[in-house]
Protein chains: 2
Amino acid sequence: MKESLDLESIARKAGVSRSTVSRVINDSPNVSEQTRQRVLAIIEQENFHPNAAARALVKRRTDILGVVIPTSSNVFLSDNNYYPLILAGLNDAIRQLDYAMLMWLGEVTQDDQHLMRKLSNPHLTDGLIFVSLPSDHPLYAKLGRLRQPFVMIDRPFTDVESTNYVSVDNVRAAEIATEHLIRLGRRRIAHITGDMTITDAYDRLTGYKNALRAAGLPVDDSLIIESTFNRETGYYAMQRLLPHKPDALFAASDTVAAGALQAVLEAGLRVPDDLSIVGFDDVDVATQVTPPLTTVRQPIRAKGEAAARLLVDLVNHRVSAPQHVILPTELVIRRSCGATATTSREVMSAQ
Amino acid sequence: MKESLDLESIARKAGVSRSTVSRVINDSPNVSEQTRQRVLAIIEQENFHPNAAARALVKRRTDILGVVIPTSSNVFLSDNNYYPLILAGLNDAIRQLDYAMLMWLGEVTQDDQHLMRKLSNPHLTDGLIFVSLPSDHPLYAKLGRLRQPFVMIDRPFTDVESTNYVSVDNVRAAEIATEHLIRLGRRRIAHITGDMTITDAYDRLTGYKNALRAAGLPVDDSLIIESTFNRETGYYAMQRLLPHKPDALFAASDTVAAGALQAVLEAGLRVPDDLSIVGFDDVDVATQVTPPLTTVRQPIRAKGEAAARLLVDLVNHRVSAPQHVILPTELVIRRSCGATATTSREVMSAQ
DNA sequence: TGTCTATTTGAGAGCGCTCTCACTATACCA
DNA sequence: TGGTATAGTGAGAGCGCTCTCAAATAGACA
């Protein structure tokens with residue numbers, strides 16, 4: 001099936017040397033147009049493809065970028081299309097930059113020796129992108145020994161300054177979302193967090209607290225419930241929150257907000273009349289629920305693209321580490337918060 | 001960053017030959033326990049990783065499988081989590097079999113030379129998996145020249161017999177869904193198709209028509225509308241269908257059904273009283289809408305797993321092509337069809 | 001103690017490419 | 001006409017591994 005066909009055989013057929021064929025393949029300018037055409041014709045005719053391994057061996061680069069999404073496949077699948085959007089962004093940029101994308105999904109356990117080896121093998125990929133690497137992840141410990149450049153999507157927990165990452169200003173965005181609720185007259189604002197091993201969730205909680213304090217409102221622990229980024233936990237979290245009579249909710253993601261909304265509605269309360277809701281992300285579900293969610297829009301796809309671009313720059317030494325890319329967010333007003341949408345949007349640019 | 005560290009240097013430090021280090025790395029039994037331990041210690045100490053390219057060059061395999069999802073990223077993202085589920089299945093099996101997954105997402109145009117080259121390069125991946133390759137896709141023409149084994153998820157349009165694929169019996173499943181509606185007394189059953197360049201959509205339409213004919217009902221073209229696998233097109237398709245007074249709908253996917261449901265509700269009709277709905281897939285959205293959807297459940301994740309396993313078997317010559325894997329489906333009765341759920345489930349095994 | 005077998009080790013070729021260096025052919029100028 | 005610059009080409013080494021084959025060593029037995 002994979003019959004042997006190498007530069008040498010193409011060279012023979014074209015009546016040139018291996019070197020010349022190599023030049024043609026690599027678009028070297030030092031080949032006469034005539035020779036180039038002849039060689040190209042033979043290559044096409046023979047359906048020849050240069051051996052990627054041989055090339056990688058001498059060039060010391062594979063033109064492959066590794067993408068690691070260590071999130072449990074449960075979350076990967078359930079948080080609406082947050083991860084698929086990240087993936088689409090990564091994919092688009094990686095393809096455009098003419099790299100290939102090697103992907104690992106799901107949990108990596110300490111004892112997953114094979115995978116760990118592959119991941120840390122500096123000869124398989126030219127660089128790595130980690131999406132939402134949780135603080136308690138075994139890979140965290142290995143990061144230091146990594147022999148290749150890497151970029152994280154979301155702020156890392158440790159070594160923040162020295163690590164390359166792409167994120168949004170979650171703290172400020174959460175402050176703005178919460179301030180919005182406060183401005184609407186809400187005083188008992190609850191918060192359902194995301195997975196607290198992910199900085200996004202951590203920072204949004206911080207922003208929420210900041211805003212309450214700044215407004216002179218108490219931070220009431222009974223109004224804060226930890227969950228993970230999915231609809232179901234959002235639903236149950238809200239059920240537990242309801243007895244404490246919140247008049248608003250800032251949810252760590254739209255999926256969580258959607259689950260919470262359902263719980264509120266089932267309890268016979270009206271949204272936004274009895275309770276305002278603000279989500280985060282602005283993914284599909286935000287507009288598919290009734291009432292549609294006021295939410296903090298973040299450029300999810302662009303996060304993927306930016307991370308891929310940054311990594312390629314790093315691989316090619318076009319920038320020097322560490323780099324921190326902070327993308328802007330925007331508060332999108334819809335019906336779930338109860339704001340009179342005279343100005344339908346409140347724009348915020350973080351950084 | 002990638003300092004040169006090869007077998008030779010490890011060998012020197014351990015006082016053995018390159019061959020012996022190679023044996024240790026490849027778990028060859030012909031190494032004394034003592035030597036193995038010594039070499040392993042040095043490898044760990046030096047943080048050594050064998051060069052994948054060099055290994056691939058001589059072994060003529062990369063242990064990488066390519067996954068191609070040529071669907072526009074629009075559909076990839078919008079059809080609920082169908083594609084992410086396929087991806088999760090592929091990922092799990094590929095990881096378990098100790099391969100790595102190279103992924104290409106999104107449309108591939110004819111002139112995307114770079115990508116076409118990479119895809120057909122038999123030295124980069126050991127095999128390829130195509131997910132829902134549309135009939136009009138430029139890759140279709142290249143399939144014959146491919147120098148590596150490949151598996152398709154979903155029945156191919158052409159060369160069905162000679163192609164390796166994993167699918168469900170969409171025709172039979174659609175027949176059962178439609179028969180169910182007929183049995184409930186529905187007579188004007190509409191159908192909203194999926195993307196007709198994908199066999200799934202094509203076969204479901206066939207099954208729908210088969211069932212009508214078998215029951216002696218007319219196949220009314222005004223009750224059939226073509227759409228793509230997403231919520232929005234489902235919504236608009238249903239709006240166009242409504243004037244023709246259907247009393248039931250069989251939708252090509254749950255996402256489509258969800259969009260259609262919204263249109264029905266907005267038109268002031270009741271589901272299932274005025275109109276029964278049956279979807280396909282049984283993804284999250286099926287239970288998130290009100291009323292929850294009666295639908296044909298297909299083992300999406302298992303399709304990915306089966307495809308990966310089959311490909312690995314093919315790569316290792318453990319089975320001979322062509323192989324056709326048909327997975328079972330199941331009609332799941334929920335509230336959208338109006339069936340009295342005495343038996344809450346009607347089980348069907350295709351093949 | 002020597003012979004035979006089994007186990008463990010090493011030497012060396014070669015996988016298919018790139019890249020440097022040297023060489024040839026052509027063009028240009030004085 | 002000779003000298004020099006330049007475009008185009010080829011030879012050959014070497015990237016880091018695996019794998020075959022032969023050699024060395026150890027173990028078993030008479």
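A note on names: the letters A, B, ... follow the listed sequences, proteins ahead of strands, and every chain is numbered from 1.
Toward the 5′ end of DNA chain C lies the nearest nucleotide of B:Pro29, the other residue of the pair B:Pro29 and B:Val58 mapping further downstream. Along DNA chain D, the nucleotide nearest A:Ala54 and the nucleotide nearest A:Arg36 are compared for position; the residue whose nucleotide lies closer to the 5' end is A:Arg36.
Side-chain N/O atoms of B:Thr35 include none lying less than 4.0 angstrom from OP1 or OP2 on C:dT8. For the pair B:Asn26 and D:dT18, the criterion of a side-chain N or O lying under 4.0 Å from OP1 or OP2 is met.
By the salt bridge (charged side-chain N to carboxylate O under 4.0 Å, His left out) test, B:Arg301 is found to be paired with B:Asp92, residues two or more places apart in sequence or in another chain being considered.
Residue A:Asn51 is in sugar-phosphate contact alone, with no base atom involved, counting any heavy-atom pair closer than 4.0 Å across all strands shown.
Remark: the B:Asn26 side chain and the B:Ser28 side chain contain no N/O donor-acceptor pair separated by less than 3.5 Å. In summary, the side chains of A:Thr62 and A:Asp126 do present a donor paired with an acceptor at a separation below 3.5 Å, with no hydrogens or angles considered.
Note on the helix from C:dT1-D:dA30 to C:dA30-D:dT1: terminal axis deviation equals 40°, with five pairs used at each end and the result rounded to 10°.
Using a 4.0 Å cutoff on non-hydrogen atoms, the parts of residues 12-20 of chain A near DNA chain C are A:Arg18, A:Ser19, ordered by number.
Counting atom types as modelled, B:Arg60 pairs no side-chain N or O with a base atom of C:dG16 as donor and acceptor under 3.5 Å.
Inter-residue side-chain proximity for A:Ile25 and A:Leu7 is flagged as met; some heavy-atom pair is nearer than 4.5 Å.
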